Amino acid sequence: LFFNLGGVAHERGVKQVTYKLWNDFGAGYKSRFFVVNFETMVPEILQKTEKKYWGVILKRLMMRAGNMVAQKHLGLITGESLAQVSSQTLENLAVINDSSVLPIYRPLFGLEKREIIQRAEDIGVARYAEAMPEYCAVISDRPTTCAKLEIVKEEEEKMDEDTFLQTLEACQCSKVGDEDF
């Protein structure tokens, strides 16, 4: 499940990484690639919520969307690592977890950045990550590192739920390894 914040080029780069991982480790499995164009949610967050909560709110929306897309699955897996960025402090991760009914698995949780980079190099995807710019426009210059759940929920109520639901309705799915992938 990919939340596109950077347009066609961003999606193409993520698909390259996905295909490589599938080809090297999962080609015998039917894998689907879901794309949710989260560019539509960025203005909602930036214009209607308090700046210091942007990153946490973005992640909570992603988890909610992930729950809706993965309804019949056993959980969500992320690449988050404790305190690599402000939205990944223990306090903020607890607030983000609250947005998910499904368990959230974070296999990189306790790793340092250099260890994560080494693992990416070991499996052959580091070069893709290095070539891909960061597209997250929902980062404030003074993000909270200790969000309070009740305040974040109040901020989220300021946003248009219909925009979120329409964004999810437009989710696209393709089969990894198909000719058009």
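As a basis for the values below, the full set of heavy atoms in this structure was taken, side chains included, without hydrogen atoms, waters or symmetry mates. Keep in mind the model is a prediction, meaning the values are calculated, not measured.
By the criterion of side-chain heavy atoms lying less than 4.5 angstrom apart, applied directly or through intervening Ile, Leu, Val, Met, Phe, Trp or Tyr residues, Leu46 is grouped together with Val36 in one hydrophobic cluster. In the hydrophobic clustering of this structure, Val69 does not group with Tyr105; members are Ile, Leu, Val, Met, Phe, Trp, Tyr whose side-chain heavy atoms approach within less than 4.5 Å, directly or through other members. Residues Met159 and Val56 share a hydrophobic cluster, clusters being chains of Ile/Leu/Val/Met/Phe/Trp/Tyr side chains in contact below 4.5 Å.
The pair Glu112-Arg114 meets the salt-bridge criterion, with a side-chain N (NZ, NE, NH1 or NH2) lying under 4.0 Å from an Asp/Glu carboxylate O. Using a 4.0 Å cut-off between charged side-chain N and carboxylate O, Lys158 and Glu155 make a salt bridge.
Taking Gln118 as the reference, Asp122 meet the side-chain hydrogen bond (donor to acceptor under 3.5 Å, both in side chains) condition, with sequence neighbours excluded. Applying the side-chain hydrogen bond (donor to acceptor under 3.5 Å, both in side chains) test to Thr18 and every residue at least two apart in sequence or in another chain returns nothing. For Arg32, the side-chain contact (heavy atoms from CB on, under 4.5 Å) criterion is met by Phe34, His73, Cys173, not counting sequence neighbours. Applying the side-chain contact (heavy atoms from CB on, under 4.5 Å) test to Ala94 and every residue at least two apart in sequence or in another chain returns nothing. Under the side-chain contact (heavy atoms from CB on, under 4.5 Å) criterion, Glu11 pairs with Phe2, Asn4, Lys15, Val35, not counting sequence neighbours. Scored by the side-chain contact (heavy atoms from CB on, under 4.5 Å) test, Lys175 finds Asp178 as partners (sequence neighbours excluded). The ring-ring contact (aromatic ring centres under 6.0 Å, His included) check on Phe164 picks up nothing, with sequence neighbours excluded. With sequence neighbours left out, Thr163 forms a side-chain hydrogen bond (donor to acceptor under 3.5 Å, both in side chains) with Asp160.
With a 4.5 Å cut-off on side-chain heavy atoms, Val152 and Ile57 count as touching. In this structure, the side chains of Ile96 and Met63 come closer than 4.5 Å at one or more pairs of heavy atoms. By the 4.5 Å heavy-atom criterion applied to side chains, Arg64 and Leu61 are counted as neighbours. Counting heavy atoms from C-beta on, the side chains of Leu58 and Phe38 come closer than 4.5 Å. At a threshold of 4.5 Å between non-hydrogen side-chain atoms, the residues Phe109 and Ser81 do not count as touching. Between Arg142 and Lys51, every side-chain heavy-atom pair lies at or beyond the 4.5 Å cut-off. Tyr53 is listed as a side-chain neighbour of Glu50, based on a closest heavy-atom distance under 4.5 Å. Counting heavy atoms from C-beta on, the side chains of Thr144 and Ser86 never come closer than 4.5 Å.
The hydrophobic cluster containing Leu111, built from Ile/Leu/Val/Met/Phe/Trp/Tyr side-chain heavy atoms closer than 4.5 Å, also comprises Leu108, Ile116. Grouped by direct or indirect side-chain proximity (heavy atoms under 4.5 Å, Ile/Leu/Val/Met/Phe/Trp/Tyr only), Val101 sits alone.
Across all their heavy atoms, Ala126 and Glu121 have their closest contact at CB-CG, 3.5 Å. Residue Ile45 comes nearest to Trp54 through the heavy atom pair O-NE1, 3.4 Å, listed as atom of the first residue, atom of the second, then distance. Nearest heavy atom pair, residue Leu90 against residue Leu82, reads N-CD1, 3.7 Å. Shortest non-hydrogen contact noted between Arg60 and Glu156 is NE-OE2, 2.7 Å. For the residue pair Val95 and Ala147, the shortest heavy atom distance occurs at CG2-O, 3.4 Å. A pairwise comparison of heavy atoms in Glu91 and Cys146 identifies CG-SG, 3.6 Å as the closest pair.
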Discussion item. Is there a side chain to side chain contact (heavy atoms under 4.5 Å, CB included) between Val14 and Met132? Walk through the geometry before answering.
Written reply: CA-CA 8 Å; Val14 172; Met132 212 177 310; 3.7 Å; yes
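In this structure, OG in Ser99 is found 7.0 Å from CG in Asn67, a value given to the nearest 0.5 Å. Note that NE2 of His10 is 11.5 Å distant from CG of Asn37, once rounded to the nearest 0.5 Å. Interatomic distance, CG of Leu149 versus CG of Asn97, reported as 10.5 Å (0.5 Å rounding). To the nearest 0.5 angstrom, Leu76 atom CG is 5.0 Å from Leu102 atom CG.
More than 12 non-hydrogen atoms from other residues, nucleotides or ligands lie less than 6.0 angstrom from CG of Leu168.
Residues in residues 67-87 take part in these salt bridge (charged side-chain N to carboxylate O under 4.0 Å, His left out) pairs, two or more places apart or across chains: Lys59-Glu80, Glu80-Arg106.
With hydrogens and angles disregarded, a donor-acceptor distance shorter than 3.5 Å links the side chain of Thr89 to the backbone of Thr145. Within the 3.5 Å criterion, the main-chain N or O of Met68 finds a donor-acceptor partner in the side chain of Gln71.
No side-chain donor-acceptor contact under 3.5 Å links Asn92 and Ser87. A side-chain N or O of Thr167 and one of Thr40 form a donor-acceptor pair less than 3.5 Å apart.
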Cut-off 3.5 Å, no hydrogens considered: what does the side-chain donor-acceptor table look like for residues 21-31, sequence neighbours left out?
from	atom 1	to	atom 2	distance (Å)
Trp22	NE1	Gly26	O	3.1
Trp22	NE1	Tyr29	O	3.1
Asp24	OD2	Lys20	NZ	2.4

